[in-house]
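Remarks on the structure that follows.
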Amino acid sequence: MNRALLSVSIFRVVLLGALLCLGLTTWAQSAEETKAYRTAIDAFYPVMIAHVNAGRLNEARLLCQKAIEWDPQNPVHRYNLACIESKAGNNDKAIAALSQATARGFNDPNSLRTDPDLAAVRADARFAGMVQLAARNRGEVPATAGLAATPVRAYAPAAPAVAATRRAAAPAVRAAALGPLTNPAPASWTGGKLTGLYFMTRFWISSGSLEKAVWYFSPDGRVYHNPTGGFAPAVLAAGAEQKGTFSLSGGKLSIAWSDGKKDAADFTPNSTSFSWNAGIFVPVKSFANAGALVGRYEGGNSISGASSSSTIELRADGTYSQSGAGSVSSTTKDTYVSGGASSRGGGRWQLTGYTLTLTDGQGQATQGIAFPYDDPKTTLYPDRFYFLGVMYNKKQ
């Protein structure tokens with residue numbers, strides 16, 4: 001997978017074959033529903049990439065197929081499915097997914113040539129044709145140029161025709177190098193100034209999902225959505241899912257994202273947080289020390305048609321173990337199918353400032369912002385902590 005292309009990770013899965021060939025009926029989505037599905041995909045994409053990085057390819061596949069179902073015209077999802085199938089050794093499925101990606105406008109031949117997740121399929125005789133198709137989509141190959149025949153079997157599930165109105169999400173595929181581990185600017189959201197690190201929650205009624213994300217507003221007027229760790233400008237720019245510039249004036253917060261999209265809404269501050277664009281932003285603090293994170297935690301996410309849960313134990317000797325489970329379901333007028341997955345893994349963990357890094361037994365590192373989200377009324381500290389889109393609850 002490629003940083004510019006959406007990616008994430010999860011665990012090993014047993015999926016009912018019916019899910020792979022089910023033809024779902026078409027439905028019409030309102031603008032609100034389309035946005036809700038976009039938000040849901042953005043929420044679980046980091047989990048999917050984490051699964052890929054950890055070698056939990058069945059779990060990653062399950063989530064990628066859900067993204068395709070909800071956003072079928074976005075070629076990035078098909079590209080990422082090809083990466084998953086390539087890593088799993090399924091060359092036919094990888095080529096099929098690439099064929100579907102290029103048919104939907106995928107135009108990044110350089111990623112095809114260099115992405116390490118496609119190493120296994122690159123030697124396939126049909127792969128060169130995929131590169132040519134991507135180059136043609138980019139305008140690098142004349143439309144009249146002939147392409148080598150590349151017979152392909154379709155493996156991706158049929159999906160509802162959803163209008164492709166959402167911008168392509170772009171979570172990081174792999175943990176960015178931390179670089180200088182600077183601290184974030186202090187949180188401030190009053191007096192016409194906005195700086196600092198915040199935890200944002202926003203509930204989407206249409207999909208029944210709670211969006212959870214990390215936002216960083218830097219003193220130079222830049223905003224970063226879901227940074228992966230480290231607060232030096234170069235690290236922020238390389239690791240954040242989205243970045244842009246912001247201005248706060250006349251009671252409105254306006255953001256111009258680097259992909260050209262713009263958001264603007266009323267900015268409503270109070271004593272402990274601020275509200276904007278239907279989200280609640282709460283300032284966060286780091287753990288006092290790594291020892292405070294030691295413990296056993298459980299967490300998960302649920303969105304329409306998909307859910308995942310995870311248990312993680314962080315030990316004082318620097319080792320960790322993790323297990324997870326996930327499920328998806330699809331319903332048509334006459335049919336209901338479902339699938340599930342489970343996984344186990346472990347390795348070593350390290351907390352540096354706000355950055356938690358998990359390194360598995362194969363040396364694959366997963367990195368993200370982590371912070372306590374504590375309720376002072378409980379006897380546990382922290383009773384909860386956030387990491388990569390999941391709020392984990394501490395178990396005694």
Side-chain angles (χ1 to χ4, degrees), residues 1-3 5-17 19-20 40-69 77 79-90 93-94 97 115-121 155-157 171-175 228 296-303 305-314 319-329 338-349 356-368 370 387-390 392:
M1 295 189 180
N2 184 297
R3 180 180 307 281
L5 299 178
L6 296 185
S7 1
V8 193
S9 342
I10 255 175
F11 36 68
R12 262 193 160 164
V13 58
V14 178
L15 176 64
L16 296 182
L19 187 60
L20 294 176
I41 291 171
D42 288 350
F44 72 63
Y45 235 97
V47 181
M48 185 191 79
I49 291 172
H51 284 315
V52 173
N53 292 342
R56 298 186 293 261
L57 300 179
N58 286 333
E59 291 89 331
R61 181 185 297 113
L62 193 69
L63 293 180
C64 195
Q65 288 169 336
K66 179 58 68 174
I68 290 171
E69 175 188 325
H77 306 319
Y79 174 91
N80 283 335
L81 180 62
C83 291
I84 293 167
E85 298 298 357
S86 174
K87 289 175 71 69
N90 300 323
K93 294 182 180 181
D115 194 329
D117 289 338
L118 294 174
V121 74
Y155 274 90
V173 179
R174 285 185 172 75
T228 55
R296 183 174 178 272
Y297 301 85
E298 294 180 356
N301 285 309
S302 178
I303 54 181
S307 65
S308 64
S309 62
S310 178
T311 299
I312 185 169
E313 184 174 0
L314 303 169
T319 63
Y320 78 92
S321 58
Q322 188 173 25
S323 62
S327 65
V328 296
S329 62
S338 64
S342 63
S343 68
R344 291 183 178 275
R348 300 197 63 82
W349 68 278
L356 176 62
T357 303
L358 305 180
T359 305
D360 66 17
Q362 288 72 50
Q364 292 285 336
T366 301
Q367 169 186 300
F387 180 60
L388 289 180
V390 177
Y392 288 91

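What you see is a predicted model, and the numbers here were worked out from it, not measured in a lab.
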Heavy-atom pair with the smallest gap, counting every atom of [X] and [Y]:
X      : Y      : answer
Gly368 : Leu388 : CA-CD2, 4.0 Å
Asn58  : Arg61  : OD1-NH1, 2.6 Å
Gly299 : Tyr392 : N-CD2, 3.7 Å
Leu57  : Ile84  : O-CG2, 3.7 Å
Phe387 : Leu356 : CE1-O, 3.5 Å
Ala67  : His77  : O-CD2, 3.6 Å

Nearest-0.5 Å distance, [atom1] of residue [X] to [atom2] of residue [Y]:
X      : Y      : atom1 : atom2 : result
Ile312 : Arg296 : CD1   : CZ    : 11.5 Å
Cys64  : Asn80  : SG    : CG    : 5.5 Å
Lys93  : Leu81  : NZ    : CG    : 9.0 Å

Do [X] and [Y] have side-chain heavy atoms sitting under 4.5 Å apart?
X      : Y      : result
Cys83  : Asp115 : yes
Leu358 : Leu314 : yes
Tyr320 : Thr359 : no

Would you tell me whether Ser309 and Glu298 have side-chain atoms, one donor and one acceptor, within less than 3.5 Å of each other?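 Not at all, the side chains of Ser309 and Glu298 share no donor-acceptor pair under 3.5 Å.
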Check whether Ser86 reaches the backbone of Asp117 with its side chain - one donor and one acceptor, N or O, closer than 3.5 Å.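 It does hold such a pair.
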